[in-house]
2 protein chains.
Amino acid sequence: MPTPHYGQPRYRVIADELRQRIESGTIPRGTLLPTESALVAEFRVSRGTIRQAMAALRKDGLVATEHGRGTYATATLCECNPIRHGGAEVRQRKIPADAHLAAVFDIKLGALLVETESVTRENGRVVAVAQTYRLYLDRAQVPSRATEPQNWIE
Amino acid sequence: MPTPHYGQPRYRVIADELRQRIESGTIPRGTLLPTESALVAEFRVSRGTIRQAMAALRKDGLVATEHGRGTYATATLCECNPIRHGGAEVRQRKIPADAHLAAVFDIKLGALLVETESVTRENGRVVAVAQTYRLYLDRAQVPSRATEPQNWIE
DNA sequence: AGAAATTTGTCCGTATGTATC
DNA sequence: AGATACATACGGACAAATTTC
């Protein structure tokens, strides 16, 4: 097999498969995913392809990776339907901190924040977007060496 | 030469170097960067490494890539010093729209927005971050095929 | 405490497919 | 159509962080 990528590229197919396993609970939140080598064996692709799929999931905040340790599924991302509030659409969701927010809040990359997004329209046209972030205070934390990530409950 | 990467990985060193060239004006805003092959030759690294450096710059919105065309430096990111306003630090800057904001505003990826960020502290600890975005109304646009990107002024 | 094994991170070289000019 | 450039994929190698013994 040279390198045919008709339709969807392989790394995307794999990413979608893993995403479904996480969302369906086949891979519980907070637990480690199979290792890269295991996925290489399962999907019969090269390690680079697996890593590309992982990067895609990481970008979406669905998983987080720690060097020498593994990649685990992050906490549930709760996304609510937008509600109307004074002419603006307001929507709230839990998100993992990106690099910038992690630095500002001085928290770990991937730690949970609550994002409130408000979208303002004028004549149907979006003219302003406001996003506020606050710490998500719960026992839901990114697993660390101090606790057992396997048994951590979201 | 096996694969020594003391300290910083090479792709990051290259990304920093390119970033400096852009910020110092060696690579003017709006102009195309050297091609991948040129950078491969200059830095004596593989294409994948160059592409990784490019991806890093792209993620930061410093450059934008068009398929079959090349990679060019995006508009100036004006970043002002934070000012204090009622117990919060407020800072404004121009940023290129990421995928989400581009979708919400219905504008092109990389088009300019004005971001106002407000950071609130309690006892020195950051407790909330608010970001508002509005359209940046000016002639500064991301270059398109219709105009000549080379001569585009920010 | 320390060595070995495991796992992810980075890098290389190469090849081929696909889109644009 | 031809040239150029980006996207995907492979296999191998060594580095670095973590866990296990």
Side-chain angles (χ1 to χ4, degrees), chain A residues 1-16 18 27 31-59 63-74 99 108-110 142-151, chain B residues 1-18 31-59 63-72 109-110 143-150:
Chain A
M1 266 140 349
T3 317
H5 48 104
Y6 310 116
Q8 292 274 307
R10 298 192 187 179
Y11 77 88
R12 189 171 299 280
V13 173
I14 295 172
D16 288 344
L18 292 176
I27 297 176
T31 68
L32 289 170
L33 271 66
T35 66
E36 293 181 351
S37 339
L39 294 173
V40 162
E42 175 182 350
F43 290 103
R44 310 296 218 86
V45 295
S46 73
R47 198 180 146 214
T49 304
I50 293 295
R51 287 182 58 76
Q52 220 170 337
M54 296 293 220
L57 296 175
R58 209 157 34 226
K59 192 162 71 76
V63 303
T65 299
E66 287 187 27
H67 192 165
R69 189 138 179 278
T71 299
Y72 50 85
T74 50
K108 284 180 67 173
L109 192 72
V142 169
S144 70
R145 252 129 289 103
T147 71
E148 307 94 43
Q150 311 291 357
N151 302 329
Chain B
M1 304 140 298
T3 316
H5 51 101
Y6 311 113
Q8 293 274 309
R10 296 199 186 181
Y11 78 87
R12 189 170 300 278
V13 173
I14 295 172
D16 288 343
E17 167 66 25
L18 291 175
T31 67
L32 289 170
L33 271 66
T35 66
E36 291 187 348
S37 337
L39 293 173
V40 163
E42 175 182 350
F43 291 102
R44 309 298 220 81
V45 295
S46 76
R47 229 188 91 209
T49 303
I50 293 295
R51 289 184 54 71
Q52 223 171 336
M54 295 294 216
L57 295 176
R58 204 155 41 227
K59 191 163 72 76
V63 303
T65 298
E66 286 189 27
H67 199 159
R69 186 141 176 275
T71 299
Y72 51 84
L109 192 72
S144 69
R145 249 133 287 99
T147 71
E148 307 92 44
Q150 312 290 357

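- The distance from atom CZ of A/R44 to atom P of D/dC10 is 12 Å, rounded to the nearest whole Å.
- The separation between A/Y72 atom OH and C/dT7 atom C1' is 14 Å, rounded to whole Å.
- Distance CD (B/E36) to P (D/dT8): 13 Å, rounded to an integer number of Å.
- We find that CZ of B/R58 is positioned 11 Å from C1' of D/dA7, with the value rounded to whole Å.
- Nearest to the side-chain atoms of A/P9 among the listed nucleotides D/dA9, D/dC6, C/dT10 stands D/dA9.
- If you take CD of A/Q8 and P of C/dT18, they are 14 Å apart, rounded to a whole angstrom.
- Comparing atom distances between the A/R69 side chain and each of D/dA5, D/dT8, D/dT18 picks out D/dT18 as nearest.
- When side chains are defined from C-beta on, A/V63 does not count as touching A/L18, because their heavy atoms never get closer than 4.5 Å.
- Between A/R10 atom CZ and C/dG17 atom C1' the separation is 12 Å, expressed in whole Å.
- Map A/V45 and A/G68 each onto its nearest nucleotide of DNA chain D; the residue landing nearer the 5' end is A/V45.
- Within the 4.0 angstrom heavy-atom criterion, only backbone atoms of the sugar-phosphate kind lie near B/G70; the bases stay farther away.
- Nearest to the side chain of A/T49, among D/dC10, C/dT8, D/dT8, sits D/dC10.
- Smallest separation of non-hydrogen atoms from A/I14 and A/A53: CG2-CB, 3.9 Å.
- Interatomic distance, CZ of B/R47 versus CE of B/M54, reported as 11.0 Å (0.5 Å rounding).
- Not one side-chain nitrogen or oxygen of A/Y11 sits closer than 4.0 Å to the OP1 or OP2 atom of D/dA9.
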Check: side-chain contact (heavy atoms from CB on, under 4.5 Å) between B/E42 and B/L39: does it pass, once the steps are laid out?
Finding: CA-CA 5 Å; B/E42 175 182 350; B/L39 293 173; 4.0 Å; yes
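- A distance of 8.0 Å separates CD of A/E36 from CD1 of A/I50, quoted to the nearest 0.5 Å.
- The separation between A/F43 atom CZ and D/dA9 atom P is 13 Å, rounded to whole Å.
- With C/dT10, C/dG9, D/dA5 as the choices, the nucleotide that has an atom nearest any side-chain atom of B/T35 turns out to be D/dA5.
- The distance between atom CD1 of B/I14 and atom P of C/dT10, rounded to the nearest whole Å, is 13 Å.
- Residue A/R47 places its side chain closer to C/dT10 than to any other of C/dT16, C/dT10, D/dA9.
- Nearest nucleotide to the side chain of B/R51, out of D/dT8, C/dG9, D/dA7: D/dA7.
- Comparing atom distances between the A/S46 side chain and each of D/dG11, D/dT8, C/dT8 picks out D/dG11 as nearest.
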